Amino acid sequence: MPIAANKAVSIDYTLTNDAGEVIDSSAGGAPLVYLHGAGNIIPGLEKALVGKDVGDELTVAVEPEDAYGEYSAELVSTLSRSMFEGVDELEVGMQFHASAPDGQMQIVTIRDLDGDDVTVDGNHPLAGQRLNFQVKVVDIRDASQEEVAHGHVHGEGGHHH
Ligand SMILES: [Zn+2]
């Protein structure tokens with residue numbers, strides 16, 4: 001059965017950036033299992049997988065707009081240290097959860113520390129990057145009604161709850 005909406009799909013994948021560095025990979029671990037059509041994976045990769053079947057291998061280059069977005073300088077801001085009450089020691093590279101103006105949770109990364117000023121970056125760490133995926137389709141099955149209702153897969157490789 002080819003990949004389509006409401007299929008639970010297992011893939012082996014390796015993700016590299018344009019410099020050829022491996023950013024993420026399922027190699028040596030379990031395949032990634034996702035619910036197709038539910039936005040579980042980045043749009044560019046989901047689109048490329050439509051109609052593929054078990055055993056198919058593909059190489060997909062996903063532009064930032066179909067991955068984690070363009071890098072936006074507007075998402076970089078300077079906050080006061082007092083905003084980080086309860087954190088013992090701030091360090092460059094630390095990540096925090098914050099709520100964006102639209103109410104979505106986002107991860108912000110500390111980029112710079114200067115006296116009382118803390119420069120934070122709300123861009124996704126992979127924003128602005130073209131992502132190169134090497135993918136092999138390992139398994140495809142119909143998702144259960146419950147999985148479709150939840151918008152994610154259950155069981156092996158999925159949510160346990
Ligand atoms: Zn669920």
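Since we're looking at a predicted model, the values are computed, not measured. Just so you know, these numbers use all the heavy atoms, side chains as well, and skip hydrogens, waters and symmetry mates.
Put simply, the side chain of R81 gets close to the backbone of G115: a donor and an acceptor are under 3.5 Å apart. A donor-acceptor pair under 3.5 Å is formed between the side chain of E147 and the backbone N or O of S144. Counting only distance, with no hydrogens or angles, the side chain of E65 and the backbone of E70 share no donor-acceptor pair below 3.5 Å.
Heavy atoms only, all atoms of each residue included: P43 and A67 are closest at CD-O, 4.4 Å. Of all the heavy atoms in A61 and R130, the pair that sits closest is CB-CD, 4.0 Å. Residues K52 and L58 come closest through the heavy atom pair CE-CD1, 3.9 Å. In terms of heavy atoms, V62 sits closest to G44 at CG1-CA, 3.8 Å. Between L113 and L90, the closest heavy-atom pair is CD1-O, 3.4 Å. Here the shortest heavy-atom pairing between H152 and L35 reads N-CD2, 3.6 Å.
In terms of hydrophobic clustering, with Ile, Leu, Val, Met, Phe, Trp and Tyr side chains grouped at heavy-atom distances under 4.5 Å, F96 and V92 are assigned to a common cluster. Tracing side-chain contacts under 4.5 Å through hydrophobic residues (I, L, V, M, F, W, Y), one reaches L79 starting from V87; they form part of the same cluster. Tracing side-chain contacts under 4.5 Å through hydrophobic residues (I, L, V, M, F, W, Y), one never reaches L15 starting from V22; they form parts of separate clusters.
Paired with H36 under the rule side chain to side chain contact (heavy atoms under 4.5 Å, CB included), one option of V153, I41, N6, V9 passes, and it is V9. Of the listed residues (D112, V108, T119), just one forms a side chain to side chain contact (heavy atoms under 4.5 Å, CB included) with V76, and that residue is T119.
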Practice task
Might you work through the side chain to side chain contact (heavy atoms under 4.5 Å, CB included) test for V60 and K47, ending with a clear yes or no?
Solution key: CA-CA 10 Å; V60 193; K47 249 184 273 174; over 6 Å; no
Practice task
Run the numbers on T59 and Q134 for side chain to side chain donor-acceptor pair (under 3.5 Å), then give the verdict.
Solution key: CA-CA 5 Å; T59 303; Q134 263 191 297; 4.5 Å; no
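Atom NE2 of residue H159 and atom NE2 of residue H154 lie 7.5 Å apart, to the nearest 0.5 angstrom. For the atom pair CD1 (I11) and CZ (F133), the distance works out to 8.0 Å, reported to the nearest 0.5 Å. If you take CD1 on I140 and NZ on K7, they are separated by 8.5 Å, rounding to the nearest 0.5 Å. Y13 OH to L49 CG: the interatomic distance, rounded to the nearest 0.5 Å, is 12.5 Å. Here the CG atom belonging to L131 is positioned 6.0 Å from the CD1 atom belonging to I23, to the nearest 0.5 angstrom. One finds the CG atom of N123 at 8.0 Å from the CZ atom of R111 (value rounded to the nearest 0.5 Å).
Residues I110 and V120 are in side-chain contact: their nearest non-hydrogen atoms beyond the backbone lie under 4.5 Å apart. Side-chain contact between Y71 and D121 is present, with heavy atoms from C-beta onward closer than 4.5 Å. Between I42 and D66, the closest side-chain pair of non-hydrogen atoms is not below 4.5 Å. For the pair V135/E57, no side-chain contact is recorded, criterion being any heavy-atom separation below 4.5 Å from C-beta on.
Annotation: E63, atom CD; neighbour count of heavy atoms from other residues, nucleotides and ligands within 6.0 Å is above 12.
Using the six-membered ring where Trp is involved, H124 and Y68 have ring planes that are parallel, under 30° apart on the 30 and 60° scheme.
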